[in-house]
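Heads up: the structure comes next, in structure tokens.
Letters go in sequence order (proteins before strands), and every chain restarts at 1.
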Amino acid sequence: MKVLDVKDIAVKYGDLQALWGISFSVKKGQLVALIGANGAGKTTTLKSICGLAPLASGQIAYNDRVISGSPVHQVVDLGITLVPEGRQLFAKMTVEENLLVGAYLKRTHAKRAQTLKHVYSLFPRLEERRNQTAETLSGGEQQMVAIGRALMQDPQVIMFDEPSLGLAPLMVQEVFNVIQELHRQGLTIFLVEQNVHQTLKVADYCYVMENGRIVGEGTGKQLEADESIREAYLGF
Amino acid sequence: MPEPILKVDSVTKCFGGLTAVNNVSFQVQPGEIVGLLGPNGAGKTTLFNVISGYYAPTSGSITFKGQDISGKQPYTLATHGIGRTFQVVKPFAGLSVLENVVIASFLRYPKRADAERHAWQILESTGLADRANLSAASLTLAGRKRLEIGKALALEPSFLLLDEVVAGLNPTEADRTVELILQLKQQGMTILIVEHIMRVIMNISDRLVVLNFGEKIAEGAAAEVAKNPLVIEAYLGEAAA
Amino acid sequence: MKRSLLFTLSLITTLMLATTVFAEEARNFFKVGVVIELSGDLATGGNVTKRGYDLWAQEVNAKGGIDIKGKKYQVKLFYADAQSNPSSGASAAERLITQEHVDFILGPYSSGVTMAVAPVVEKYKIPMITGSAESPLIWTNKFVYTFGTVPPVNFSGATPINTLASLNPAPKTAVILGSNDTFSKATAEAFKAAAEHAKIKVLKFNIVPAGQDLTPLLSAVRGLKPDLIAFGGHDEELIKMVKSLRQIDYTPKALLMHYGVTEPAFVNALGKDANQVFGASVWTANAKTSSKILWPNAASYAAASMKAFNTPADYTQAGSSAAGIAFQVALQKIGATPGMSEAQRTSLVKALEQVDIDTFYGKVKFATSGQYYHANVGMTPLTVQIQDGKTVIVGPANIKDAAPQYPMKAWKGR
Amino acid sequence: MELLPQALMDGILLGGIYITIAIAFSLTYGVMHIIDFAVGEWIMFGAFAGFYLNKWTGLDPFLLLPVVFVIFGLIGCLIQPVIHRVLSGSKGNPLLMGLVFTFGLGLMFQGLAMTVFGFYSNSTPSMFSEGSFFFEKFGFSLTISTVRLAGLIYALAITMALHYLLKKTNFGLGVRALALNKDSAGLMGVNGKRTGALVYGLYVGVTAMTGVLIGCILSVSAGMGPQYTIFAFFVVVLAGMGYLAGVPWAALLLGMVQSIFLIYFDPGHTLLAVFAILYTILLISPKGLFGRGV
Amino acid sequence: MKDKIIRWGLPVLFVLIAMPAVIHDTFFLRVVTEAVMWIGLAIAFDVLAGYTGYLNFGHGAFFGLGAYTTALLMMKAGWPFALALPMGGVMAAVAALIAGFPTLRLKGAYFAIATWALSRAVQQLALIMDITGGPDGMRLPPFLNPQFFYYLMLAIVAATFALLWYLLEHSPFGLKLKAIREDEQGAMALGLNPTKLKMQAFILSAVPTGILGGVYAYWITFIDPASTLGDLISDQALVMVVFGGMGTLIGPVIGAILIFAFKTLFWAYLSDFQLLYLIILGAVIALSVVFMPNGLWGTLGGFKKKKRDHENKLETSLEARLQKNEGE
């Protein structure tokens, strides 16, 4: 069953076209990855799904319901969430406040104490630092807050935009572990990454993007085997 | 060994508690293309900003053509002959493509007519002449990156800092830009380049300097560096190691 | 180039057409220019002044007009807004003179605008009487064509101090404050000079920024326990001053302000707290005046004002109406008819200098030399006090309506 | 020296008025980056609302505060979408355009007020305007005006209420999130448009209530607006624009400077001192007293 | 561009010079004199607002400073007007240097409010000093020759326009200013010193304003803190510039003429509706910001430019296609 169905979407920033009619889908419980070089349009794709970047054409459906054109706060209310690139935390708020904003929606507000407990059990380090402001955390801890904040929304689909960006290797590993753990728990995951090896290893299915277009797809194994894709887009 | 054109000597740059660049040293010889590598967030752009005068180094020094330039303002460095491009290209959006370049040409040609003539030459050589009178905001990403190089070239620099001028371009466009860079090298330009696309940087660089977490982890010829396990780990993730 | 030439020619033609001068017609009414502040910061006073001029014109026309050698000429007012700005005032005067060809001008409310208008009327030799501007500075400039019916503050400010000094026991100490604008500053200075002259010790004298909340300063004043607090300021500042004094709960033996207390807004806003505040004035609705021109006395003028505007008249309005009367008398004297020549206007100035008449407003007589040059010095300045919400004359002793209530009743027990 | 306690007290009471003028103003700047030139006009309209409602109903203006808040809150919510449109325009400099827009709005309001209310100054009576508290101990005497004290209490109550709203409620959490990072707040489900309108409504409502108080403490007139705009700017800039916690301190500083200057120095120089201090602080610390402005 | 200015500018200048010979109405001349003054104030304001993006709410302070300098030198030092007037400009330049050095570091709203605080402080200073006459202001000897003031104002404003046009639209200076307005960081890499350029612009904006203040003082013969140092000058200049179109030279001229003409017509012929004027002016500003964020000239010019861009684009793509075809 397709949870997320993206059909032929195009996005323009003024005169600049960022996406040129791309289509793909994510099935329930899958971990799907989108890879490609800087500036290929991966972040724009994520933004357009959550309603942060308006579509010039095309359509996005979530559980067979058209969501393109809805404002972001309505989209996330349906159960899609994004862990944005560079974390985008509320820098001057404490860790706990950051997490609580995640439970802003009516849908999640009532059981927020419970969800918070769950998040803290997932990231015990955050509980230790609950009263520190987000800006004082290390990059890895910030990433945990960003993921925790997304989990507070009780999502069905969680999208990650370069979660390993700028993290130390150990930390990268930890982030990938968390992603896999969430996947095991049954969450549908859409992952955008530059850390190609790790990504191909964990993903059920991958799309390769270049210059606003999808130029290849397949399972991790298939892509790793595809010399031309390796050569041209993965850079090794 | 000839006198290096640029000498980065144990440069450290801290922001509050965060050390973005930590005790980095390297040299660039005249006529060389040196690639600066490192994963996202490794401190490449910060180092660029320190070299081009946007940040003063917290400690260490930078010597350009034998002169200590650490802490000097970017506009002073431009007159010394350092040109740079920005990773996030921001042309002067309200102005035309020609005007964008003319502004840079003023540095060497203070008269408007001369500057315009010079700017036209730059536009010809960067393949933007046919779009000279369009507003810079209307250019495509490739066009903007090209304009960014054009502006830096209009300063008639002896040393160029290129920050991701290829990233985001399609293969044809990327090839054209690489061609342009190689052409510049032939003309005797010294270049320090940051680039993500390996295939590009491996091809054009004489030497590579690799950063990770603000520290230099490797330096040397491309083939050598590519075999360095530290680099592979930093760059491709541990799986490749 | 051709197109722009055409453009040039058409522009010139348009400009010429646009300014085709209204031919000077023989008319049977006087054109009276009125330069006042209808908008801007000083619009309050400007509109009071306007009411004075309006009421005069209304009354003259109701009587058939000004009687010049047996023929009656109506008056028609032509307003121009000075926007509370000197340069707009100058433009306004220039427009009234050169475009409307007014015979004479009724002048601005404020001193600043008057200072900018005076040179313009001087240049065109058009007589002007201002019914309100009372800064002493206007008169020391000795403008030939500018007159004023309200005596300058340094002429009227001494009277209430003298009235207070004559009380028993007289106030011995005073704190004198003035807001930093031309009129208020001059008022405070006049109060100070008079107090020193009357041997009242001035404990504190300050010019304060206009609009400033003075409560902290008054707290300090409270420590000095002065018998008299005298304040020069405009309407809103006066109201705030009384409220501040009540809020810090200090009641001096006497609280003196200038004419602002006679403005209806003062009593309206403050209610019983307005009571027993002293003021300086040259006219009140119960001033004992008698006249043969237009209104027989102050009371009938006040009644006419109530009827026309449903607002009690204050002395600015009365002075403005009196300005019209002064012109009227001078015109009758020289027998000038509408559309006056320059020579006639010059003789009108001479006639104004000789005016010495009793009006509902009091005696109007312009000084012809000295520091009050062309200001009205015929008046008897009055000391007034708000008693039960009404403005009552309490001095000088020979013309008072009621005894001054002194010392002031504490705010609390009112 | 014996005047010092009184000077400080007066400074605090004056500061209380400035807190109420500036606090909601700072909030709207922090969340929506609106620099509202019409802030003084909202105060003026509020003051007239208090004056006339008191006249018609005979109720004490302090009891009328909630009514005024609701009326003006609604007006604010209705106007905000237009301001939002100006601020989110891609042309020119949106921040400056917002400034110019509210400047035009302010002019319009002034003209309207003068047409409708006339020129005269007025004053709103209240049960608090009567008395004062008087202390005399240790050779010091201290008078505290009841109405000003009520004003200070109102200021503190509003400050605390805003603090509670922002720190303890879910709505406030959303507002703060919106102020810190618009896109992230959207991702958390915060409806930017609606929250923006509510915050602007809150600001207009609180500012109008302040107007009612100023009508009681000082005066009511159609031309009263601009002087309060000046003070609102002053406090907000001194506090660091959008930095709410700085507002009470900056307001108290402003009150204190005026009080001290009026008492101990030449009172004529008070405003000069006030502006010179603002200027100097901006030079030393361009982001306000605490360097925390946005 | 150059041709256009000459083609349109010269005839207009000719008309303006010839006007007093044809029209003898002194009131009309006075109004046009003031209109010309406002054109000067608006274009000077726009140097900073439009070309560098700094809203200077202290613009009026330079005007007042010029007015007071000229008045004081004439009245207290006995200088002739011809010498006192340029000193108004010099004082404005000095003040801009002193004020600009610290304030130009500030951004956006902080700059607007700091300059505004500074201008309030200058007004307070004039109010409490003895030499300026405090609130009573100063009176200058009347020299009531309308032609003289008309031509003087015209000469100063025309010279200012020509100078600004040359500097901003023709010489490197204007392009450099636009560059730092668009992207200060990027401009620095191209050898531009933003601090220096902004300071130059600040002075360039202040000097004509100060000189116009001096002319105003002598023309009106009376100055006081309320009228020459109040908010009116900055506020009205801002309105004119925003309405006409920021960042161009023609925009403020059009804005100044239209706003001033509207104001004057309203004032002269509809004075019974004075209060309506504020309401209408306020509404015009608010609406023009909502519907014409680039001002009148910007909006009109915008259409034209769009068309031109579009044509250019068509041409380019056509060329590109031709080249491509040739290649194949």
Under 4.5 Å from any heavy atom of chain D - which part of [X]:
{"X": "L52(A)", "answer": "side chain"}
{"X": "Q153(A)", "answer": "side chain"}
{"X": "R112(A)", "answer": "side chain"}
{"X": "I80(A)", "answer": "neither"}
{"X": "A103(A)", "answer": "backbone"}

Practice problem: Start with the C-alpha gap between V76(A) and M188(D), add the side-chain angles, then the distance that decides, and say whether side-chain contact (heavy atoms from CB on, under 4.5 Å) holds. | Solution: CA-CA 7 Å; V76(A) 297; M188(D) 298 300 114; over 6 Å; no
Quiz prompt | Largest heavy-atom contact set with chain D, pairs under 4.5 Å, which of R87(A), R107(A), K92(A) | solution =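 Between R87(A), R107(A), K92(A), the count favours K92(A).
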Practice problem: Just give me the residue among L100(A), V75(A), V72(A) that pairs up with chain D most often, heavy atom to heavy atom, under 4.5 Å. | Solution: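 The candidate making the most pairs under 4.5 Å is V72(A).
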List the atom of [X], the atom of [Y], and the distance in Å for their closest heavy-atom pair.
{"X": "N170(D)", "Y": "Y104(A)", "value": "ND2-O, 2.8 Å"}
{"X": "K47(A)", "Y": "D183(D)", "value": "NZ-OD2, 4.5 Å"}
{"X": "F90(A)", "Y": "A177(D)", "value": "CE2-O, 3.3 Å"}
{"X": "L187(D)", "Y": "P84(A)", "value": "CD1-CG, 4.1 Å"}

Quiz item: How long is the gap from NZ on K193(D) to NE2 on H73(A), to the nearest 0.5 Å?
Solution: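 It is 8.0 Å, given to the nearest 0.5 Å.
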Practice problem: Could you grab the distance from atom CG of L180(D) to atom CD of E135(A), nearest 0.5 Å is fine? | Solution: 9.5 Å
Practice problem: Kindly indicate, with the supporting measurements, whether the criterion side-chain contact (heavy atoms from CB on, under 4.5 Å) is fulfilled by R149(A) and S184(D). | Solution: CA-CA 10 Å; R149(A) 191 175 67 173; S184(D) 277; 3.7 Å; yes
Quiz item: CD of Q132(A): more than 12 outside heavy atoms within 6.0 angstrom?
Solution: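 Yes, because the 6.0 Å sphere around CD of Q132(A) holds more than 12 heavy atoms from other groups.
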